[in-house]
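Being a predicted model, the structure only gives us computed values, none of them experimental. A, B, ... follow the sequence lines: proteins, then strands. Residue 1 opens every chain.
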Amino acid sequence: MERFVENIIHIAIKCRAFESLLYKKVELGLLKSPVYLSAGEEIPPATLSFLFQKIKPHIFAQHRGHSWYLSFGGNPRELIHELLGLESGCCRGMGGSASIHSPEINMFGHSGFMGDNIPIAVGAAFQTRHPTLAIAGDAAYEEDYALASLGWAATHNLPVAFVVMDNNFSILTPKSARRSWNLVDVARGFGIESFDIDDSPESVHSVFSNYQFSKPLLVNIHVTRKFWHAGAGTDESTPIDTLTRILDSPKLSELVVDYENQYNKLWEEALQ
Amino acid sequence: MTLRDKIKEVTKKHLQRGNSLFGQCLSAVGWVGNTIDPSSPNLVELSMADVAGGGFVVGASLFSRPIYVVRYQGFQWYNAITVCNYAAKSKAIWGRSCPIFIRSIAMEGAIGPVAGSSHHSIACRQPGIKVVSPMTPGEYEDVYCAFMGDDDPYYISEHRLSYTQSEETPALECSNPDWVVFPFSITRFAALEAAQRLQPDVNVTVYPQVWIKPTKFSENQILMLSESKYGGIVLDDDYAFGVASSIAHELMMLTNKKVHILALKDITAGFARRLDNLPPTADEIIDFIKKMTS
């Protein structure tokens, strides 16, 4: 395994440990508001943080954003407190699982309207010309204003990477029931360089490692939502996700358990 | 100086400070009724994507104080979505303010069911946004100064018919008024005319209002309404079932006096003149007051 892949997997394992433990806490009924687990979708955030954390891009994510927050250095204690609705949470309890905000890592909160972080990210990029990540799912990218955002970013050649976390589902409705087109073709129609890839560390690294934020880019990454859309549970016939396959080794599995134990101390402290 | 010139002056000064002005078709309609100096820096043409355009401005407002021009207020039903649901809430949720100066421009008369009238009630429905309707140069300057000293988004409910206004319109006060009128937006001009024409038979006090949300009634205005013979009337260029109803309710709670509403009717306007849905005219205000007084 190449060194950069090891580093990416290590970041992803931290996220997996956080989400696996959170799953158990949700099952126990400790959380009173909706929780959107990002398990199964950890590798893209891990890879992009590995590549871009030093330039501190503006991050506009939405629900299922725990792994983006953690990968880019967000404080896990503050996220746990946020999930518990505490004043000491990263959004003082206002954001919950879906609307994480962290000035320390340049991560901006999300209102709850699917995909409205995409035009907001584009406007921020227009104003600042700072590297920007517009992260949303395959369904959120169907929003009319998301598509119009691709057009405006192309017109003004903005430094935005449109990251599509394509888990195929809008809650439980598959893409095939929603549309006959794909985003990569649409983005190319706007003149935006675009890729359709799997979520292996090598694939994600390959596409983004040469990206300098000198123009817009759209990358549709096929990921697997390991758990339910919201809450703790597993949909029928969910395929095995990429990170789970990678973790099929005693050494890496032990590492997940080690991190779970570390996070559990934070949970115990918060619950006290 | 006319209101038009004041807007042009304020806008240019704001843009020279490094802020941007965003809008659709900025040059196409005579530079927004000649309220924008085309030589101003940082003028940004948006695409015709109304909803996304509002989102772009909100994104810019995370790092600056943009002006957002929406050339017909009715277009706010699309354009205001991200302003109302992100910019207005951002400070409360994340402690990050989105100070946008939203120039929302009204006009009416033979312009159909969407483009006409004021629609400031949309913005009033959300917490975290301030709504004003300056109709004179002095009021516009005051509102701009308030915006610059604040970090909330401001919805400026403008009206094209006021752009030629150069005089201030102070309150018209009568001792022992029969009626106290609280006009918003363009309705103040009809209210002032009606009050003068009703003299000396009916004493009508008129308090032109700039602040729609939050309302800013002075103690004296409330006292005058409390002591009026018949009560109050709220006038608006938005629908009667919009914020005018809320304001009338607020005034009634403050005074125990009946407060009526004269505003747009609950009907859809058409393009033919005979199918307009217009704000109350001086004649209509006079007829209403005479009817209620008798």
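- Using cut-offs of 30° and 60° for the angle between ring planes, the B/F56 and A/W152 rings count as parallel.
- Atom CE of B/M48 has more than 12 heavy atoms from other residues, nucleotides or ligands within 6.0 Å.
- With a 4.5 Å cut-off on non-hydrogen atoms, B/T82 touches chain A through its side chain but not through its backbone.
- Of the listed residues (A/E143, A/Q127, A/H156), the greatest number of heavy-atom pairs within a distance under 4.5 Å of chain B belongs to A/Q127.
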Determine, step by step, whether B/F22 and A/F126 satisfy the ring pair (Phe, Tyr, Trp, His ring centres under 6.0 Å) criterion, reporting the C-alpha distance in whole Å, the side-chain angles of both residues, the deciding distance to 0.1 Å, and the verdict.
-> CA-CA 11 Å; B/F22 296 81; A/F126 179 88; 5.7 Å; yes
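- The choice from B/G53, B/A60, B/S47 that makes the most heavy-atom pairs within less than 4.5 Å of chain A is B/A60.
- Looking at A/T128, only its side chain comes within 4.5 Å of chain B, counting heavy atoms on both sides.
- Distance check, rounded to the nearest 0.5 Å: OG of B/S90 to NE2 of A/H101 gives 6.5 Å.
- Across B/A87, B/A52, B/A49, the residue that shares the most heavy-atom pairs under 4.5 angstrom with chain A is B/A52.
- Of the possible polar contacts, one joining the A/R92 side chain to the B/A92 backbone as a donor-acceptor pair under 3.5 Å is found.
- At distances below 3.5 Å, at least one donor-acceptor pair connects side-chain atoms of B/Y86 with backbone N or O atoms of A/G109.
- Within 6.0 Å of CZ in A/R188 there are more than 12 heavy atoms belonging to other residues, nucleotides or ligands.
- Residue-environment remark: CZ (A/F113) stays at or below the threshold of 12 foreign heavy atoms within 6.0 Å.
- In terms of heavy-atom pairs under 4.5 angstrom with chain A, the leader among B/I93, B/L46, B/I81 is B/I93.
- Counting non-hydrogen atoms of other residues, nucleotides and ligands closer than 6.0 Å to NZ of A/K215 gives a total of 12 or fewer.
- To the nearest 0.5 Å, atoms CD1 (A/I120) and SG (B/C98) are separated by 7.5 Å.
- Residue A/T155: no heavy atom, backbone or side chain, is found under 4.5 Å from chain B.
- Counting non-hydrogen atoms of other residues, nucleotides and ligands closer than 6.0 Å to NZ of B/K8 gives a total above 12.
- Judged purely by atom type and a 3.5 angstrom limit, B/W94 has no side-chain atom pairing as donor or acceptor with the backbone of A/S102.
- Interface remark: A/H58 contributes side-chain atoms only to the contact with chain B (heavy atom separation under 4.5 Å).
- Side-chain contact between A/F60 and B/L62 is present, with heavy atoms from C-beta onward closer than 4.5 Å.
- Other residues, nucleotides and ligands contribute more than 12 heavy atoms inside 6.0 Å of the OH atom of A/Y211.
- Here the CE atom belonging to A/M94 is positioned 9.5 Å from the NZ atom belonging to B/K89, to the nearest 0.5 angstrom.
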